[in-house]
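As structure tokens, the structure follows; a few thoughts come after it.
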Number of protein chains: 2
Amino acid sequence: MIADQSPVAPNPARKQQQRSIVTQQKLLDAAIQAFSENGFKGTSTRDIAERADVHHPLITYHFKNKDLLWRAAADRMFKQFNVSLIKAMSEVPEVDPKARAEVFIRTYVRCAHSQPAMHKIILQESSYPSDRLDWLIATHLKPLFELVVDQLKVLQELGIAPAGNPALLYNMIRVSAGGLLALGLEIKGTSDIDLEDQRELDELADMIVRVFLPG
Amino acid sequence: MIADQSPVAPNPARKQQQRSIVTQQKLLDAAIQAFSENGFKGTSTRDIAERADVHHPLITYHFKNKDLLWRAAADRMFKQFNVSLIKAMSEVPEVDPKARAEVFIRTYVRCAHSQPAMHKIILQESSYPSDRLDWLIATHLKPLFELVVDQLKVLQELGIAPAGNPALLYNMIRVSAGGLLALGLEIKGTSDIDLEDQRELDELADMIVRVFLPG
DNA sequence: TCTTAATTAGTCCAGATTGGACGATTTTAC
DNA sequence: GTAAAATCGTCCAATCTGGACTAATTAAGA
């Protein structure tokens, strides 16, 4: 994912320098990490700058303020996630719905593992109403939701997926992957399952497929 | 749940007054709410005192400091949850494992709905290692985990629950209930499902039973 | 009822942190 | 070489931090 352009400067008379792109990426990565750990309110811009190893006034320079930094960081993360998902799906033939669903689940597990911050941020923003949540839903969550639920209905008609409200089913799958992976430390503490281990990760994906696509 | 005793005073020469119990409960409720929204770091003791409508130095008086307040609040919440669960289970005959499992799931859904803060706090504390997480696992998470996983193994042998690692299965059930309910606002935004509605809540419980206890 | 411990109210503090502003300096594209 | 882009260093005013302290109030036990 390459930044289209600096999020701030409107009409550059000279093109953006390479190092500024690096700085922005470092800030965005650090922001996702920090926000996912401590929430929007609990995260200071100085904390983000320190994690990124960047002088903190550069946040103002590149992103104007904390709100816009949050939005840019979330945008990047969700775009990466959704693009990975759609790309993986595009490589599976349309004619085999069960195979498509299986690829979707395995890809979702893989992406959720490489970006556990996503689920944490969604959950945090679901704590109370906010502009950030509205934006998240409208921009990234609802589009994917509608795409997947339509396909889930087909799977249910074919007897591949369990009956019932497909929206609930979608969310159960989602939390069984993303929500469970975000609990990595806790699960390691209670059960000695290490979801950093590729084999255990595959086992989780197998299990989700088995449970949610029994047909 | 009644507080055994004031968490601070060691040897009261005169018994604890009723109003102090009320103050403590108000503080504990407010603390759970605040911590679940903004995390430990993102929550100030003053914020908690304001939510509880209590003068903030009373936190020092009743709980000594922020850490101990967090622990007392979490302890209360988890005890309530686990006790509800065990109580419900004790009313089901031992001889019918499937009925027991179904009661467990429906009770878990009901409790998770009445206390969505629990899942949020677990997830927050799973972000990075801490004494709080260690304590949570050892005191409340692991005991329940071991209890349930043993019963899950029986269900798997009977062909009632799907095959696979029972620890993963347990956690999938847990997040399908608690994790999904904690996402209430998001789910309402994407799908118009209102999990405050008792019928929709029952539908979720039905779905979890259907998916995880197909046998 | 009276005494006194338990609880609360009110105030204060010193220090840290907050998001953000600003000019001086360095780096790099053209 | 030069001017724009990016970074640095420093500053600020406001707010918030957890906690300390004394005086006032309430209620338990004799």
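Labels below follow one simple rule: chain letters A, B, ... track the order of the sequence lines, proteins then strands, and each chain is numbered from 1.
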request  = List in chain and number order the residues that pass side chain to side chain donor-acceptor pair (under 3.5 Å) with A:Asn38, two or more places apart in sequence or in another chain; answer none if no residue qualifies.
outcome  = none
key: Atom pair distance, as rounded to whole Å: CZ in A:Phe63 and C1' in C:dG19   = 16 Å
request  = Output every pair passing salt bridge (charged side-chain N to carboxylate O under 4.0 Å, His left out) with a member in residues 131-153 of chain A, not counting sequence neighbours, ordered by first then second residue.
outcome  = A:Glu125-A:Arg132
Those residues that, when tested against B:Asp194, pass salt bridge (charged side-chain N to carboxylate O under 4.0 Å, His left out) (two or more places apart) = B:Lys188
task = Measure the distance from NE2 on A:His62 to P on D:dC8 and round it to the nearest whole Å.
result = 9 Å
Counterpart residues, salt bridge (charged side-chain N to carboxylate O under 4.0 Å, His left out), relative to B:Arg51 (two or more places apart) = B:Glu37, B:Asp47
ask   = Contacts to DNA chain C from residues 28-36 of chain A, heavy-atom cutoff under 4.0 Å, which residues?
value = none
key: Residues which pass salt bridge (charged side-chain N to carboxylate O under 4.0 Å, His left out) with B:Asp53, listed by chain and number, not counting sequence neighbours   = none
key: A:Tyr61 OH - C:dC22 C1' separation (whole Å)   = 14 Å
task = Using atom CG of A:Leu27 as one end and atom P of C:dG19 as the other, report the distance to the nearest whole Å.
result = 14 Å
key: Between C:dT7 (P) and B:Gln25 (CD): distance, integer Å   = 14 Å
Listed partners of B:Asn165 passing side-chain contact (heavy atoms from CB on, under 4.5 Å), at least two apart = A:Ile193, A:Glu203, A:Met207, B:Ala167, B:Leu168
ask   = Within the distance-only criterion (no hydrogens, no angle test), does the side chain of B:Lys66 pair as donor or acceptor with the backbone N or O of B:Thr43 below 3.5 angstrom?
value = yes
query = Do you know the tightest heavy-atom contact between A:Phe35 and A:Ile48?
reply = CZ-CD1, 3.7 Å
key: N/O (side chain, B:Ser20) to phosphate O (OP1/OP2, C:dA6) under 4.0 Å   = no
ask   = Which letters describe nucleotides 10-22 of chain D, given B = protein heavy atom under 4.0 Å from base, S = only from sugar-phosphate, - = neither?
value = BBB----BBBB--
task = Please report, rounded to the nearest Å, how far the P atom of D:dA5 is from the CZ atom of A:Arg19.
result = 12 Å
message = Measure CG/A:Leu58 against C1'/C:dT25 and give the value in whole Å, please.
response = 13 Å
inquiry  = Just to verify, what does B:Arg71 make a side-chain contact (heavy atoms from CB on, under 4.5 Å) with, not counting sequence neighbours?
reply    = B:Trp135
query = Once you round it to whole Å, what is the distance between C1' of C:dT8 and CD1 of B:Ile59?
reply = 14 Å
Side chains of residues 110-121 of chain A: which donor-acceptor partners sit under 3.5 Å, not counting sequence neighbours?
unit_1	atom_1	unit_2	atom_2	d
A:His113	NE2	A:Glu196	OE1	3.3
A:Ser114	OG	A:Cys111	O	3.1

query = Per the end-axis method with five pairs at each terminus, what is the bend angle of the helix from C:dT1-D:dA30 to C:dC30-D:dG1, to 10°?
reply = 30°
ask   = Which pairs, with at least one residue in residues 172-181 of chain B and sequence neighbours excluded, count as a salt bridge (charged side-chain N to carboxylate O under 4.0 Å, His left out)?
value = A:Glu186-B:Arg174
